[in-house]
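All remarks here apply to the structure that follows.
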Amino acid sequence: QVQLVESGGGLVQSGGSLRLSCAASGFTFRSSVMSWYRQVPGKERELVASISPGGVNTNYADSVKGRFTISRDNAKNTMFLQMNSLKPEDTAVYYCSTIILRRYWGQGTQVTVSA
């Protein structure tokens, strides 16, 4: 079965950095578009970044362009999100996601950025 497990979240001061990881299993990772989403309580889940199967093409939300970098290691079935220059408004639960006939989500990892 498809499994997505996020890690790397935590508490960081404004201007700091975090690196999130998503360990994937149960599907052909190297053939799948992968994405990071985030959600704040009371708001809809929003797309943060996505990456093509080979890792060549990436897409970012305007709010994170120039600060976040999405990447993947197909040999290790793992996706990453390097987050630099973090701001309090980046505080959210971050989810790893892919579509295999339907959309799958990880359990999420909390990122909290203090002012």
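The structure presented is a predicted model; accordingly, all values stated were derived computationally and were not measured.
Note that the CG atom of Asp90 and the OG1 atom of Thr112 stand 11.0 Å from one another [nearest 0.5 Å]. Rounding to the nearest 0.5 angstrom, the gap separating the OG1 atom in Thr91 from the CD atom in Gln110 is 7.0 Å. Considering CE of Met34 and CG of Asn77, their distance stands at 9.0 Å, rounded to 0.5 Å. Rounding to the nearest 0.5 Å gives a distance of 11.0 Å between OG1 of Thr69 and CZ of Arg67.
No donor-acceptor pair closer than 3.5 Å links the side chain of Ser63 to the backbone N or O of Ala61. A donor-acceptor contact shorter than 3.5 Å links the side chain of Gln107 to the backbone of Glu6.
In plain terms, the two heavy atoms of Leu47 and Ser35 that are nearest each other are CD1-CB, 3.9 Å. Shown here for Leu4 and Thr98, the closest heavy-atom pair between the two residues is CD1-N, 4.0 Å. The shortest heavy-atom contact between Gly54 and Asn74 is CA-ND2, 4.4 Å.
Around atom CD of Glu89, more than 12 heavy atoms belonging to other residues, nucleotides or ligands sit under 6.0 Å away.
Listed by first then second residue, pairs satisfying side chain to side chain donor-acceptor pair (under 3.5 Å) with a partner in residues 10-32 read Ser17-Asn84, not counting sequence neighbours. Counting only residues at least two apart or in different chains, disulfide bond (SG atoms under 2.5 Å apart) contacts with residues 47-81 are absent. The ring-ring contact (aromatic ring centres under 6.0 Å, His included) pairs that include a residue from residues 32-58 are Tyr37-Trp105, where partners are two or more places apart or lie in different chains. For residues 51-66, every residue pair satisfying the salt bridge (charged side-chain N to carboxylate O under 4.0 Å, His left out) rule, not counting sequence neighbours, is listed here: Asp62-Lys65. Every pair passing disulfide bond (SG atoms under 2.5 Å apart) that includes a residue from residues 75-115 is listed here, sequence neighbours excluded: Cys22-Cys96. The ring-ring contact (aromatic ring centres under 6.0 Å, His included) contacts involving residues 60-81 comprise nothing, where partners must be two or more places apart or lie in separate chains. Among residues at least two apart or in separate chains, side chain to side chain donor-acceptor pair (under 3.5 Å) pairs with a member in residues 45-59 are Arg38-Glu46, Gln39-Arg45. Note on residues 42-85: no pairs pass disulfide bond (SG atoms under 2.5 Å apart), not counting sequence neighbours.
Scored by the salt bridge (charged side-chain N to carboxylate O under 4.0 Å, His left out) test, Lys43 finds no partners at all (sequence neighbours excluded). Evaluation of the side-chain contact (heavy atoms from CB on, under 4.5 Å) rule for Ala23 yields no partner, not counting sequence neighbours. Here Ser97 pairs with Arg103 under the side chain to side chain donor-acceptor pair (under 3.5 Å) rule; sequence neighbours left out. Residues satisfying the side-chain contact (heavy atoms from CB on, under 4.5 Å) criterion with Val111, sequence neighbours excluded, are Leu18, Leu20, Met83, Tyr94, Val113.
Clustering ILVMFWY residues whenever any of their side-chain heavy atoms sit less than 4.5 angstrom apart, transitively, puts Leu86 in a cluster other than the one holding Tyr95. Following chains of ILVMFWY side-chain contacts shorter than 4.5 Å, one cannot reach Val40 starting from Val64, and the two form parts of different hydrophobic clusters.
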Audit row: Phe29, Arg72, side-chain contact (heavy atoms from CB on, under 4.5 Å) steps and yes/no: CA-CA 10 Å; Phe29 180 79; Arg72 65 193 295 162; 3.5 Å; yes
